[in-house]
J.: 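The structure under discussion is supplied below as structure tokens; questions concerning it will follow.
Nothing here was measured: the structure is a model prediction, and the numbers come from that model. Quick note: numbers below take in every heavy atom, side chains included, and nothing from hydrogens, waters or symmetry partners. Each chain gets a letter, A, B and so on, in the order the sequences are listed, and its residues count up from 1.
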Amino acid sequence: MYDGGKIITGLLIFVCLFTSPFWYDISSKTAMEKPTPVLPANQKECVSTVSFMLSDHMELLNTWRYEVVREGKTYYTSPSGNNYKMRLTRTCLNCHSNSSEFCDRCHDYAGVNPYCWDCHNKTQNLAGK
Amino acid sequence: MTITRRNLLKMMGITALGTAFGKYLTARADSPVARVISKVFIENPRSQKNRSAQKVRLAMVIDLRKCVSDQGCTKCIDACNQAHNIPNFGNSKDAIKWIWKERYEDAFIDQENFYIKEEFKGKLVPVFCNNCDNPPCVEVCPTQATFKRDDGIVMMDWHRCIGCRYCMAACPYGSRSFNWRDPRPFISNINEDYPTRSAGVVEKCTWCDERVSQGLLPICVEACPEKALVFGNLNDPASEVRRLLKDNFSIRRKPGLGTSPEIYYLV
């Protein structure tokens with residue numbers, strides 16, 4: 001092998017650089033932890049089961065959007081039989097009043113950037129109305 | 001090319017067969033082919049036959065005789081702007097217009113009479129999205145972001161709007177406005193109950209669909225101190241709008257274009 005030393009050294013440097021994010025993550029004390037969204041303290045149930053909301057809340061919101069805007073519907077019946085108005089600001093934020101402690105924690109972790117709040121209002125003033 | 005006797009007879013036979021077959025396809029008025037043909041070639045979009053056959057066809061009647069008396073009144077516009085978070089960009093080029101005012105002669109540009117009632121001459125009249133029964137904006141929208149609801153409201157799904165502005169080109173009334181910038185900083189007093197829009201989205205009056213869905217009247221109708229705006233179901237013969245149209249002479253904006261605007265002005 002010609003220039004074997006140079007090639008192997010080069011390869012080693014490349015592998016080290018390429019995997020450096022992993023080494024950094026393992027060695028650093030600020031390693032990513034599982035996100036801890038703050039759940040509303042005074043509420044027992046959401047508009048659906050926790051496991052469904054965890055995995056499918058985006059689908060649910062998409063369905064609400066479709067039904068409200070395109071089909072003119074207003075109410076959603078939860079699996080437990082309660083009726084909820086299909087509204088992001090008034091219904092969701094009524095309990096999850098702090099979106100930066102709830103929505104953003106997981107979204108930041110997962111690296112997704114939904115643009116709900118470009119138009120919908122994040123507000124504290126509507127709670128309970 | 002010369003035509004032999006044999007080929008001529010062949011062609012005549014094929015022509016006869018084709019004619020007979022075409023006649024067979026279109027003989028019944030409800031056959032699919034006949035329907036396509038009548039849709040494409042025969043139906044006149046201006047014909048009243050094509051109007052919504054739905055149970056509800058919402059419409060608005062505006063009594064201009066009441067409205068023009070106070071030229072300074074902008075109560076309907078103010079109420080709408082406040083309810084729907086309409087920004088004020090500070091220049092007319094970028095203005096977002098849901099309800100605005102036009103001179104009578106400009107609003108009803110195809111009224112050919114040179115001599116019009118003195119009370120309307122040069123007066124400002126309120127104009128809206130006409131929520132047409134045959135809306136050209138819906139026809140051209142490539143994403144179905146704008147569509148006609150069953151009750152006739154021409155609705156906007158702002159989630160879907162890609163900002164191509166075809167609808168603005170198609171609308172003969174200038175009822176659609178485009179957000180060239182993020183409108184949020186330009187809304188003075190935000191109504192937190194209603195979403196704002198984002199940059200790159202077209203918006204227009206939707207006759208307060210959010211209120212109509214709850215059984216309420218549009219906010220402009222409620223805000224009008226003269227009660228000049230009346231809103232109701234045109235397909236209900238007992239409705240207030242039908243009564244007004246029956247008893248009064250009404251005009252619409254550019255009816256000749258075939259869009260079937262659903263705002264009727266009593267003059």
J.: By a 4.5 Å heavy-atom criterion (distance strictly below it), what part of A:Tyr115 contacts chain B: side chain, backbone, both, or neither?
T.: neither
J.: Which answer fits B:Asp209, side chain, backbone, both or neither, if we ask what part of it has an atom under 4.5 Å from a heavy atom of chain A?
T.: neither
J.: Using a 6.0 Å cut-off, check whether atom NZ of B:Lys227 has over 12 heavy atoms from anything other than its own residue.
T.: yes
J.: Does A:Arg87 use its side chain to pair, donor to acceptor, with the backbone of B:Asp193 at less than 3.5 Å?
T.: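 Yes, the answer is positive, given that a donor and an acceptor are paired below the 3.5 Å cut-off.
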J.: Considering non-hydrogen atoms only, spot the tightest contact between B:Ser213 and A:Gly72 and give its length.
T.: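 Result for this residue pair: OG-O, 4.3 Å.
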J.: Does any backbone or side-chain atom of B:Ile190 lie under 4.5 Å from a heavy atom of chain A? Answer side chain, backbone, both or neither.
T.: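 For B:Ile190, the contact with chain A is made by the side chain alone.
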J.: More than 12 foreign heavy atoms under 6.0 Å from CZ of A:Phe52: is that the case here?
T.: yes
J.: In terms of heavy-atom proximity below 4.5 Å to chain A, should B:Gln214 be classed as side chain, backbone, both, or neither?
T.: side chain
J.: Would you compute the distance between atom CZ of B:Arg184 and atom CG of A:Asn121 and round it to the nearest 0.5 angstrom?
T.: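 One gets 5.0 Å once the value is rounded to the nearest 0.5 Å.
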J.: When rounded to the nearest 0.5 angstrom, what is the spacing between CZ in A:Arg65 and CZ in B:Arg160?
T.: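 So the CZ of A:Arg65 and the CZ of B:Arg160 are separated by 6.5 Å.
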J.: Can you tell me how far the OG1 atom of A:Thr89 sits from the CD atom of B:Glu192, to the nearest 0.5 Å?
T.: 8.5 Å
J.: Rounded to the nearest 0.5 Å, what's the gap from NE2 on B:His159 to NE2 on A:His120? Could you check?
T.: 4.0 Å
J.: Restricting to non-hydrogen atoms, name the atom on B:Ser198 and the atom on A:Cys119 that form the minimum distance, rounded to 0.1 Å.
T.: N-SG, 3.4 Å
J.: Taking B:Arg149 for its side chain and A:Val69 for its backbone only, find out whether a donor-acceptor pair lies under 3.5 Å.
T.: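 Judged by distance alone, no pair lies under 3.5 Å.
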J.: Check whether more than 12 heavy atoms from other residues, nucleotides or ligands sit under 6.0 Å from atom OH of B:Tyr166, and answer yes or no.
T.: no
